[in-house]
Amino acid sequence: MNRSVKIDGGVAVITGAASGIGAGLARHAAAKNMNLVLADWDEPRLRALASELPTDTLIMSVDVSDGDRINALADAAFDRFGDVDMLFNNAGIMTSGRSWEIDAETWQQSLDVNIGGIVNGMRAFIPRLIAADRPAHIINTASVGGFYSVPLLAPYMASKTAVVAITEALAGELASMGSKIRTSLLAPGAVKTDLMRDAAPKESEEFWQSLRGVADRKGKMPDEFAVMVFDAIEHGEFWIIPQPESLDGRLRERTDMILERRHPADKRGHG
Ligand SMILES: NC(=O)c1ccc[n+]([C@@H]2O[C@H](COP(=O)([O-])OP(=O)(O)OC[C@H]3O[C@@H](n4cnc5c(N)ncnc54)[C@H](O)[C@@H]3O)[C@@H](O)[C@H]2O)c1
């Protein structure tokens, strides 16, 4: 089926819009004449971004892990613009450390933001979008790390794996009821953003530096990344994986590792 569409105008809601990928998506959506509803818990940066955007932009200080605030965001979006065409559930955080040494509060926050934030977005917007009975598109941000796991990033990998599972389930649920709402799973590879800005725990500093090194050497800039994302949306892709070189080989190796019942620490299982 040819699902190609050209995006010009409409309304996009973006969480985690103050920085990085979210800010890039906001700038590119505005360049496509979209009005915007931008949410983030960093209101000063959100305000600064909004001041440089050419289209009508509503900003809201929101912690995506707070379901009431996301409901308020959905109310505000529909009140202001009447409709929503795209929802980017994009906000996320990264934590590192040995899985048993990360404190309970940090574990919980990773799950509440990276999984809970996406579920809150779906719970707040989908009933309203179904009631509107118009085409709309929900894009949930996971990571290439949602398809495999590495040491020292357990909360991140666990939450991104959950986002892949949730979005796959969502796509089937909406399709089975003949909904006009489409979904995509966005799995970025390295993008140069503030995701790794916060200092790493000492025991994983070396690992953290190597991750930052990959982002510096191979990372896309948020604005070029946003162009790739919108191209994929316009081509009707469910699996939006703009940097397949960061995933496909590892995914095959991981699948082989499981099918061959090999231990994850066996290097043949890693790319
Ligand atoms: N940058 C990468 O290399 C990369 C790779 C794979 C996936 N991702 C994913 O892309 C998404 C965007 O990350 P980014 O790289 O642009 O990072 P970033 O840190 O530059 O931007 C994330 C934004 O989300 C906001 N945010 C975080 N928690 C929030 C919360 N609870 N409520 C509201 N806002 C919150 C932050 O304030 C920030 O503005 C994340 O889901 C991240 O996991 C990024």
Side-chain angles (χ1 to χ4, degrees), residues 13-28 37-50 59-70 72-73 87-96 105-106 108-121 124 139-150 153 155-164 166-167 184-198 208 210-226 228-229 240-247 250:
V13 179
I14 306 172
T15 69
S19 168
I21 293 172
L25 291 170
R27 284 188 287 266
H28 194 60
V37 179
L38 306 181
D40 204 290
W41 59 12
D42 185 343
E43 196 178 350
R45 279 183 93 178
L46 209 49
R47 199 169 292 287
L49 172 67
I59 61 167
M60 204 160 148
S61 178
V62 170
D63 177 346
V64 295
S65 66
D66 180 341
D68 290 342
R69 289 296 291 158
I70 297 281
L73 177 74
L87 167 64
F88 289 92
N89 282 316
N90 164 76
I93 52 173
M94 184 184 257
T95 331
S96 75
E105 197 184 332
T106 305
Q108 196 58 51
Q109 190 189 38
S110 291
L111 304 180
D112 287 349
V113 173
N114 291 358
I115 306 175
I118 290 207
V119 173
N120 287 336
I139 301 97
N140 289 340
T141 302
S143 163
V144 292
F147 297 92
Y148 58 84
S149 194
V150 294
L153 284 177
Y156 190 72
M157 298 294 187
S159 59
K160 295 303 186 178
T161 300
V163 174
V164 175
I166 290 164
T167 311
S184 293
L185 187 283
L186 172 58
V191 183
K192 289 181 186 173
T193 70
D194 287 348
L195 188 67
M196 291 180 243
R197 184 186 53 184
D198 294 338
W208 202 247
S210 83
L211 261 190
R212 284 199 183 112
V214 171
D216 287 345
R217 283 194 315 280
K218 298 189 182 166
K220 299 271 179 219
M221 297 306 290
D223 285 10
E224 64 173 328
F225 187 76
M228 298 165 101
V229 173
I240 302 182
I241 302 172
Q243 298 136 293
E245 66 282 4
S246 304
L247 177 62
R250 290 192 95 136

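For ligands, and for the atoms within them, numbers begin at 1 and follow the listed sequence.
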Peer 1: For S65, enumerate each residue passing the side-chain contact (heavy atoms from CB on, under 4.5 Å) test, keeping only those at least two apart in sequence or located in another chain.
Peer 2: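 With sequence neighbours excluded, S65 shows a side-chain contact (heavy atoms from CB on, under 4.5 Å) to D63, D112, V113, given in chain and number order.
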Peer 1: When you check the gap from the basic side-chain N to the acidic O, do D223 and K192 get nearer than 4.0 Å?
Peer 2: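 No, no charged N to carboxylate O under 4.0 Å.
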Peer 1: Given side chains that start at C-beta, do those of L186 and N140 come closer than 4.5 Å, heavy atoms only?
Peer 2: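 Result no, sub-4.5 Å side-chain heavy-atom pair not found.
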Peer 1: Quick one: list whatever passes side-chain contact (heavy atoms from CB on, under 4.5 Å) with A124, sequence neighbours left out.
Peer 2: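 If we apply the side-chain contact (heavy atoms from CB on, under 4.5 Å) test to A124, skipping adjacent residues, the hits are I70, N71, A74, R128.
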Peer 1: Apply salt bridge (charged side-chain N to carboxylate O under 4.0 Å, His left out) to D68 and list each qualifying residue two or more places apart in sequence or on a separate chain.
Peer 2: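 By the salt bridge (charged side-chain N to carboxylate O under 4.0 Å, His left out) rule, D68 matches no residue at all.
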Peer 1: Before accepting this row, confirm whether a basic side-chain N of the pair R69/D66 lies closer than 4.0 Å to the acidic partner's carboxylate O.
Peer 2: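 Not counted as a salt bridge, because no side-chain N and carboxylate O are separated by less than 4.0 Å.
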Peer 1: If the criterion is any heavy atom closer than 4.0 Å to an atom of ligand 1, which residues make the list?
Peer 2: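 Under the 4.0 Å cut-off, ligand 1 touches G16, A18, S19, G20, I21, D40, W41, V62, D63, V64, N90, A91, G92, I93, V113, T141, A142, S143, Y156, K160, P188, G189, A190, V191, T193, D194, L195.
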